[in-house]
*Asks:* 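This is the structure I have questions about; it appears just below.
We name chains A, B, ... by the order of the sequence lines, and we start the count at 1 in each one.
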Amino acid sequence: MTRSYDPHAIEEKWQAAWDAAGLYSVSEDASKPKKYVLEMFPYPSGDIHMGHVRNYSIGDVVARYFTMRGMSVLHPIGWDAFGLPAENAAIKSNSHPGTWTYANIEKQTASFKRMGFSYDWSRKVVTCDEDYYRWGQWIFIKFWERGLVERKSSPVNWCPSCKTVLANEQVVGDGVCWRCKSVVHKRELEQYFLKITEYAQELLDDLDELPGWPDRVKAMQANWIGRSEGAEVDFTLCDESGEPSDRTITVFTTRPDTLFGCSFFLLAPEHPLVREFVAGTEYEAAVMDVVKAAEMESAIDRSSADKVKRGAFTGRYVINPVNGEKVPIWVSDYVLMEYGTGAVMAVPSGDQRDFDFARTYGLPIPPVVLADEDPLLAELADVRERVMHEVPWETAFAGDGVMVQSGEFTGMRGGKASEGMQAVTDWLAARGQGRSSINFRLRDWLISRQRYWGNPIPAIHCPVCGLVPVPEDQLPVVLPTNVDVTKGETLADHPEFYETTCPTCGGAARRETDTMDTFTCSSWYYLRYCDARNDAAIWDTDKTDYWMPVDQYIGGIEHAILHLLYSRFFTKVFRDMGLVTFAEPFTNLLTQGMVKLDGATMSKSRGNVVAPEEIIAKYGADTLRAYILFMAPPDKDLEWSNDGLDGMWRFLGRAWRYIAEVAEESASGAASVADATDPASKLLRRERHRVVGKVSDDVERFQFNTALSAMMELLNTAMDYRREVPADQRDTALERDVAETLTLLLAPYVPHMAEELWLEVFGKPESVHLESWPAWDPAAAASDEVEYPVQVNGKVRDRLTIAASASEDAVREAALALPKIVENIEGKTVRKVLVVPGKLVSIVVG
RNA sequence: GCCCGGGUGGCGGAACAGGCAGACGCGCCGGUCUCAAAAACCGGUGGCCGAAAGGUCGUGCGGGUUCGAUUCCCGCCCCGGGCACCA
């Protein structure tokens, strides 16, 4: 008697067997095409959640599929193990971040094995292991040698809850910390930066080289990099009488064509010249009010667009280079020190912010670029001198138009990328008072963190030699284990760590006590997987050449900018160092949607969690894997519901029963009709080929939901066949083929069940996961008869079943002869009869 | 404001290149089995009209192209996401 499907009796058995056999270990194999399938490695947060189940199930199906297609597949796993949650947890539980981290890694390892994922465990990397983070320090030193490390003072993001600084990318939403969602403040601090801005243009350009990335992610990165074309313009400082000094202030503008409309000049409150200008003057009090107010504000308030712009006159002036006009310098909080030069030429007629400011403080608003349909154009079309100082508008005009009141440029086209813009820039350049310029919104990456559980920055502060790198042969700087975070300690509390000698002069020096942003650890782990156990080098370039780039990367959309931008940057630097031979690390990217419950992301703090372990305990891992893939296409958000689990359970139970029955029957050599040609056998044979083709196509475009539904269709057809065709008339060879094929198709989705069927029920000698993907013949999937819907004026009135080989004329005639069609076209003129071969017949009558 | 997605039955979703809208599954309804229930299995299931045959409406809204539009074009609405006082 056939056993029924019992996942609890088989899953752990096969997990142990695969582990013991090292079934998923791979090495470079020049005889096969390679595939590198990678899911973003997890932070060891404790229990796995549904987001993990989804992410890693997707990757597992893809990896297993490519393996069955005969590829050499690298499918590794590891842990992004440095980071703040470990410190917070250690403080809470009065232990050590390392203890917590390694315990969680163990727990998650068990969970991943319980899910049956096909990882090559021999390549595991854990970023807080010394043999991993030492290479992170090595990278830092190499970046330093290339001039890509800078320690500088600047206004930086401070998270008061994490008690550390953050990179710009790590401030999300309305100015909150990406990790803890606290409101971030600006502080002036000296910190370490990696000069990602040196690669801004390439990071932007190469997005076009990534057709395998979602447009959404590329748009987000392009947005973030924020390239603006324009010009720098030098304004000369002058005194009240207009007498020029020898000092200039440079601004960046995207609209040099509007320069004649500059009626005031602005400095950011943090601009170093502000204090100098107003010290001891009658303007000092008002200006310093603006400066102080800006300092007090959080990043959110400061950048809120609908806020009233605060400002004050400094008592100073600059000269507008195009018309020699004396322009007053104001201070305003809407000018940002971090962007451009911290100084702005204000053109209120062409910029809404300047417009608002001018209206608030009664400053002139001379028009310089007019829309083609603007009534003012009649009056000003040929006016070169400034005769109008105020516009009758309620908003600024920032579009393309005609330049007026603009000296020799009057009459030219103005606007972004306009002739006027180029002409003014050229004019300035010829006089040395300006030049074309490109500005990026992207800032350098702030990587130092004032926390313990991270990779120590390998630098030494020497009172004589300044800041010096730790020499390569003294790496790694080992993270000491005796730091007690429960007492709020960091490396700065441990003299035995920071007291050292200068590697250059040998004098007493202080070791850096900041650690690196965890995103530095995750920016190169995918390369280390290629050669994870290498003690002598970060990796062997032959190995990265074989495996890289990652063919399929899979992870959450939340890293659209963060991790994915940083990794692209690292890869480009490694290329420039000669460490790799490609410029982009991830050829194809799949950003899987979030798993939600009641419309919100599942999270422990919200208390809306469905634990994967509970589902596994009831249904087994295979049902969970298949179900989460069946619920929705992988890139869409998924609203979790237990309701469909029973459906997947029933499907697997039915598939088991069908396959087991057929296997036993064919083993017992029951009666058979060979190559049966009755309609039911022909249908089943067609379905077998159609479904293999469909499932293959679907996995390649990640439509796991429709792949599974196609398998259900095949099973439905196969079971109908068994029910409807008497036993002695069945084509048992065909049934056996269908049962084996179904097992192979199921293998990537439900690896335990497929393995049990393959080895124990069919009695095959070798694991199903080493089998070849079933072949299919598109010709065998085609029917020898087709059914044409026949439309009359766009409405289906009847159906015509006819031989697939029938000519168009034959189809047309047969369609027109159908009784219902005759009825419908009676008394009308047939104007047109369209036959779309294999699709439909469309008759137009009038 | 700018830039990306998305809107299809009671629900999750399908329709790959303009060709039968709603595959597959859930749920629901009816049935078989059972003393009964659960499980399992079989059948039905977009709305409206109709006893049925059949008709008719229907993919966010309004137009357009086409023999034919969920699909292409134009103009909107709504939802989600990114950027945003970036000069």
*Asks:* Can you tell me how far C1' in B:U59 sits from the matching atom in B:A21, rounded to whole Å?
*Replies:*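 It works out to 7 Å between them.
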*Asks:* Expressed as a whole number of Å, how far does the C1' atom of B:G68 sit from that of B:C72?
*Replies:* 13 Å
*Asks:* For A:Gln703 and B:A14, is the shortest distance between a side-chain N/O and OP1 or OP2 below 4.0 Å?
*Replies:*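 A:Gln703 to B:A14 OP1/OP2: side-chain N or O found under 4.0 Å.
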*Asks:* Look at the rings of A:Phe397 and A:Trp393 and say which category their plane angle falls in: under 30° parallel, 30 to 60° tilted, over 60° perpendicular.
*Replies:*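 Rings of A:Phe397 and A:Trp393: perpendicular, over 60°.
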*Asks:* Would you call B:G9 syn or anti, using the 90° rule around 0?
*Replies:*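 B:G9: syn glycosidic orientation.
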*Asks:* Is any side-chain N or O of A:Asn716 closer than 4.0 Å to OP1 or OP2 of B:C24?
*Replies:* no
*Asks:* Once you apply a heavy-atom cut-off of 4.0 Å, does A:Gln791 come out as touching a base, just sugar-phosphate, or nothing?
*Replies:*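 Base: the residue A:Gln791, judged by heavy atoms under 4.0 Å, touches a nucleobase.
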*Asks:* Could you tell me whether the side chain of A:Lys832 has a donor or acceptor atom within less than 3.5 Å of a complementary atom in the base of B:C67?
*Replies:* no
*Asks:* Between B:G64 and B:C26, how many Å separate the two C1' atoms, rounded to a whole number?
*Replies:* 39 Å
*Asks:* Is any side-chain nitrogen or oxygen of A:Lys820 closer than 4.0 Å to OP1 or OP2 of B:A53?
*Replies:* no
*Asks:* Could you check, using the six-membered ring where one of them is a Trp, whether A:Phe704 and A:Phe630 have ring centers closer than 6.0 angstrom?
*Replies:*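 No, the ring centres sit 6.0 Å or more apart.
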*Asks:* Would you say the ring centers of A:Phe651 and A:Trp656 fall short of 6.0 Å from each other?
*Replies:* no
*Asks:* Looking only at side-chain N and O atoms, does A:Arg797 come under 4.0 Å of OP1 or OP2 in B:G55?
*Replies:* yes
*Asks:* To the side chain of A:Lys309, which of B:A14, B:C85, B:A23 is closest?
*Replies:*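 Shortest atom-to-atom distance from the side chain points to B:C85.
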*Asks:* Distance between the P atoms of B:C24 and B:G44, in whole angstroms?
*Replies:*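 It comes out at 11 Å once rounded to the nearest Å.
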*Asks:* Distance check, C1' atoms only: B:A23 and B:U8, in whole angstrom units.
*Replies:* 13 Å
*Asks:* Considering only the P atoms, how many Å lie between B:G81 and B:U45, rounded to the nearest integer?
*Replies:*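 So the two P atoms sit 39 Å from each other.
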*Asks:* State whether A:Arg441 places a side-chain N or O below 4.0 Å from either non-bridging phosphate oxygen (OP1 or OP2) of B:C2.
*Replies:* no
*Asks:* Looking only at the aromatic ring of each residue, does the gap between the centers of A:Tyr566 and A:Trp445 stay below 6.0 angstrom?
*Replies:*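 So the answer is yes for these two rings.
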*Asks:* Taking the ring centre of each residue, are A:Trp649 and A:Tyr627 less than 6.0 Å apart?
*Replies:*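 Ring-ring flag for A:Trp649/A:Tyr627: false, centres at least 6.0 Å apart.
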*Asks:* In whole Å, measure the gap between the C1' atoms of B:C76 and B:C86 for me.
*Replies:*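 B:C76 and B:C86 have their C1' atoms separated by 31 Å.
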*Asks:* 5'-most contact on RNA chain B: A:Arg799 or A:Gly794, nearest heavy atom basis?
*Replies:*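 On the 5' side of the pair lies A:Arg799.
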*Asks:* Could you measure between the two C1' atoms, the one in B:G27 and the one in B:C35, and give it in whole Å?
*Replies:*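 Here B:G27 and B:C35 have their C1' atoms 29 Å from each other.
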*Asks:* For B:C85 and A:Ser332 - does any side-chain N or O of the residue sit under 4.0 Å from the phosphate oxygens OP1/OP2?
*Replies:* no
*Asks:* When you check the glycosidic angle of B:A17, does it come out syn, meaning within 90° of 0, or anti?
*Replies:*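 This nucleotide is in syn.
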*Asks:* Taking the nucleotide of RNA chain B with the closest heavy atom to each, which residue, A:Arg701 or A:Val217, is nearer the 5' end?
*Replies:* A:Val217
*Asks:* Which part of the nucleic acid, if any, lies within contact of A:Thr253, taking any heavy atom under 4.0 Å across all strands shown: a base, the sugar-phosphate backbone alone, or nothing?
*Replies:* sugar-phosphate
*Asks:* Answer yes or no: side-chain N or O of A:Arg723 and base N or O of B:C42 forming a donor-acceptor pair under 3.5 Å.
*Replies:*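 For A:Arg723, whose side chain was compared with the base of B:C42, there is no donor-acceptor pair (under 3.5 Å).
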